[in-house]
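Worksheet: the structure to be examined is printed underneath.
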Amino acid sequence: MREVLTRRLTHEDDAGFDVKPDLIMMDGGKGQVNIALEVIKALGLDIPVCGMVKDDNHRTRALWYDNHEIDIDRNSEEFKLITRIQDEAHRFAIEYHRSLRGKAQIHSVLDDIEGIGPARRKGLMHTFKDIEGIKAATLEELADAEAMNQVAAQKVYDFFHKTNPIQSKGD
């Protein structure tokens, strides 16, 4: 929490982050509010912070502001707004974590070869169809592959044909 808030409140060159917020609303109660207030104080800023106090079913039932719990009428427009803010924060966090999981699961052995980035990896896969085809290719075939050059071809060839203890363990 400290790291995220510090990054957000100290970035000035990023689009949209040069303007400080008028209010910070935390998706948590007293503990998260206190962390945010520590960061704000350390940065010499003056931004009000409130937190969403949850019930036993993780639904917002009150706000924590200025060391006081403020009850919210569940039928009020204020409650509906706070609920929409909370839902959007959850949606954003879920999408972000899904994207991280997706990136972590898409890993190719080609990513372990120095000098082979997305374009060369794509070119190799387009030319040879799979890793086995790349392993079986000659140095000349690799150099002739889409987006490749002689230096990159040599690195791929060496990776698959020289004794590599990591490579030979379970490839």
Q.
Has N57 got a side-chain atom pairing as donor or acceptor with R59's backbone, closer than 3.5 angstrom?
A. no
Q. If you take all heavy atoms of I134 and F160, which pair is closest and at what distance?
A. CG2-CE1, 3.8 Å
Q: For R120 and G115, indicate whether the former's side chain and the latter's backbone hold a donor-acceptor pair under 3.5 Å.
A: yes
Q: Give the minimum heavy-atom separation between I116 and L110, together with the two atoms involved.
A: CB-O, 3.8 Å
(Q) If I take atom CD from residue Q150 and atom NZ from residue K155, how far apart are they, to the nearest 0.5 angstrom? (A) 12.5 Å
Q.
I'd like to check T127 versus M148 (side-chain heavy atoms, cut-off strictly below 4.5 Å). Are they in contact?
A. no
Q) So, for A137 and F128, which heavy atoms are closest and what is the spacing to 0.1 Å? A) CB-CE2, 3.5 Å
Q. Do any N or O atoms from the side chain of H161 and from the backbone of Y157 form a donor-acceptor pair under 3.5 angstrom?
A. yes
Q: Just jot down the side-chain contact (heavy atoms from CB on, under 4.5 Å) partners of R2, sequence neighbours excluded, or say none.
A: I35, E38, V39
Q: For salt bridge (charged side-chain N to carboxylate O under 4.0 Å, His left out), just list the numbers for D46 and K20, CA-CA rounded to whole Å, side-chain angles, deciding distance to a tenth of an Å, and then say yes or no.
A: CA-CA 10 Å; D46 184 24; K20 301 294 184 251; over 6 Å; no
Q) Is the closest side-chain heavy-atom distance between M52 and M26 below 4.5 Å? A) no
(Q) Run R7 and E3 through salt bridge (charged side-chain N to carboxylate O under 4.0 Å, His left out) and show every step you take. (A) CA-CA 6 Å; R7 277 196 321 244; E3 180 184 342; 2.7 Å; yes
Q: Check whether any side-chain heavy atom of L63 lies under 4.5 Å from a side-chain heavy atom of D71, and answer yes or no.
A: no
Q: Could you tell me whether the side chain of I40 reaches within less than 4.5 Å of the side chain of V49, counting heavy atoms only?
A: yes
Q: Measure across V33 and G51 and return the closest heavy-atom pair with its distance rounded to 0.1 Å.
A: CG2-N, 3.3 Å
Q.
Quick check against the 3.5 Å criterion: does D66 have a side-chain atom that pairs as donor or acceptor with the backbone of H68?
A. no
Q) Closest approach of P21 and I24, non-hydrogen atoms and distance? A) CG-CG1, 4.0 Å
Q) Taking D158 for the side chain and K162 for the main chain, is one N or O donor matched with an acceptor at less than 3.5 Å? A) no
Q. If we ignore angles and hydrogens, is there a donor and acceptor under 3.5 Å between the side chains of T60 and Q86?
A. yes
Q) How long is the gap from CD1 on I131 to CE on M125, to the nearest 0.5 Å? A) 5.0 Å
(Q) Show the nearest heavy-atom pair for residues R91 and E88, with the distance to one decimal. (A) NH2-OE2, 2.6 Å
**Q.** Stepwise salt bridge (charged side-chain N to carboxylate O under 4.0 Å, His left out) check, E69 with R61
**A.** CA-CA 10 Å; E69 191 171 299; R61 65 172 179 76; 2.5 Å; yes
